[in-house]
Amino acid sequence: MGREPLISAIWDTLAQQSLMLTAERRIGKTTVIKKMKDQPIPGWVPVFQDLERCHSATEFAMVVYKEIHQFLSARSKATRRARELFAALGGTEIGGLFKLPEKATAPWKDILTRTIEDLIHENDASSGKLLFLWDEMPFMLANIRDREGERTAMEVLDVLRSLRQTHAGIRMVITGSIGLHHIVTSLKDKNYANSPVNDMAHIDVPPLEKPDAIELAALLIEGESLPSPDKQAAAAIAAEADCFPFYIHHIVRALKTHGLDATPANSARAVASQLIDPNDPWELLHYRERIPIYYPGDKKTVLLILDELAARKPESSIDELLAMLKGASTFDDREHLLRLLSLMERDHYLKRNEDGRHRFRFPLIRRWWKINRGL
């Protein structure tokens, strides 16, 4: 709901290049690409794939092969180049798909490259372009890195970039709950020098616009048949949720569960209850638990920055944060602080004002952080 302008902008961008969708968890980026799959514009055939289940480069290549095989088969076409490769490797054909011998070493680069070439050469342009909507690709790359090593993860990124540059008709949309920049940074620490996504556009998925968030809350109140004596209830719910559709749903559900009228006061109480619930129904602990993973070696510094912005100085300049860190720890590196703050912005913890002062990006997360950290 309310995503039509964003989706239109994505389709416009895809006419020129592939792109990455970045967003905080629970904002709805997966829902956006699923809507694109269900309601494509003329000339496109979107394929949605959740790559979280892929733990190796070979699994990824085979998932892509199966999708392209099905796409071409539906148009009476064949993956000829891939079939020749599988036959040479001793593969067996089952239901039109090839399966490699159990102990065979699959050349995933060749499988991926030949399959994409089949798509380019066999598909009739009038049938529509195949658009890959790849969810959780950064998670897959992390799996590959941890299981097969940094070199293989680097090669996956390089092969995909090479395919995009070689074949103008290929389009990819990549999303994920792990920032791809963290994966690339970890690879650069292992002497990976390439820029694997600098040919892709970047589009940030924001929370809903305020009118759309209010309308969503109003429709949910109506749908749940909640008594709503206060006309400002929907606006209050949208504001309490920072216009996150996920949180709006949860607030209305909490009102329904506890038999409460939809009023601003009850909405505020529902949110307060959710923020201190030990079961963490909104999965907010993720914001804290991912810090050691995202910032290895900088956990203490990041916590100090967030604590400062949550409880003491809601808006702080770089020099003020550096002075705080010097007083609270042995940290004394302005350049490193600049790098950390940039990463924290990309991870949607922080946002800069026009005057360059940093603050929490989402007031709701700042409110939870204060409670969780006992500040």
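Quick note: numbers below take in every heavy atom, side chains included, and nothing from hydrogens, waters or symmetry partners.
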Review point. Using the benzene-type ring in the case of Trp, are the ring centres of Trp368 and Phe362 under 6.0 Å apart?
Key: no
Exercise for review: Could you name each residue pair satisfying side-chain hydrogen bond (donor to acceptor under 3.5 Å, both in side chains) that touches residues 156-168, not counting sequence neighbours?
Suggested key: Asp158-Tyr192, Asp158-Asn194, Arg161-Gln165, Arg161-Asn198, Arg164-Asp199
Point to revise | Over 12 non-hydrogen atoms of neighbours within 6.0 angstrom of CD in Glu150 | key: yes
Review point. More than 12 non-hydrogen atoms from neighbouring residues, nucleotides or ligands closer than 6.0 Å to NE2 on His258, yes or no?
Key: no
Exercise for review: Examine distances only and state if a side-chain atom of Glu59 and a backbone atom of His55 form a donor-acceptor pair shorter than 3.5 Å.
Suggested key: yes
Check your understanding: Would you say the ring centroid of Trp369 lies under 6.0 angstrom from that of Tyr287?
Key -> no
Review point. Got more than 12 heavy atoms from elsewhere within 6.0 Å of CZ, Arg53?
Key: no
Exercise for review: Starting from the C-alpha separation in whole Å, work towards a yes-or-no answer on salt bridge (Lys or Arg N to Asp or Glu O under 4.0 Å) for Arg339 and Glu335.
Suggested key: CA-CA 6 Å; Arg339 180 172 178 270; Glu335 291 303 316; over 6 Å; no
Exercise for review: Would you tell me whether His181 and Asp347 have side-chain atoms, one donor and one acceptor, within less than 3.5 Å of each other?
Suggested key: yes
Check your understanding: Can you check whether Leu14's main-chain N or O pairs, donor with acceptor, with Arg171's side chain at less than 3.5 Å?
Key -> yes
Review point. So with a 6.0 Å cut-off around NZ of Lys35, is the heavy-atom count from everything else above 12?
Key: yes
Practice item. Give a yes or no answer on whether the side chain of Asp261 reaches the backbone of Thr263 with a donor-acceptor pair at less than 3.5 Å. Key: no
Exercise for review: Quick one: sort the Tyr65 and His69 rings into parallel, tilted or perpendicular, breaks at 30° and 60°.
Suggested key: tilted
Check your understanding: When you measure from the side chain of Asp333 to the backbone N and O of His336, does any donor-acceptor pair fall under 3.5 Å?
Key -> yes
Exercise for review: Heavy atoms only: give me the nearest Ala57-Glu148 pair and the separation to one decimal.
Suggested key: N-OE1, 3.0 Å
Revision key, fill the gap. side-chain hydrogen bond (donor to acceptor under 3.5 Å, both in side chains) filter on Tyr349, not counting sequence neighbours, yields Arg290
Review point. Checking ring pair (Phe, Tyr, Trp, His ring centres under 6.0 Å) for the pair Phe60/Trp108: CA distance, chi angles, key distance, verdict?
Key: CA-CA 8 Å; Phe60 172 53; Trp108 66 267; 7.9 Å; no
Check your understanding: For Arg253, does its backbone N or O pair with a side-chain atom of Thr257 as donor and acceptor, under 3.5 Å?
Key -> yes
Exercise for review: Would you give the length of the straight line joining atom CE of Met137 to atom CG of Asn143, rounded to the nearest 0.5 angstrom?
Suggested key: 12.0 Å
**Study point:** Spacing of Ile144 atom CD1 and Thr152 atom OG1 [to the nearest 0.5 Å]
**Key:** 8.0 Å
Practice item. Can you spot which of Val184, Leu19, Leu160, Leu180 makes a side chain to side chain contact (heavy atoms under 4.5 Å, CB included) with Val197? Key: Leu180
Point to revise | Qualifying side-chain hydrogen bond (donor to acceptor under 3.5 Å, both in side chains) pairs, either residue in residues 217-237, two or more places apart | key: none
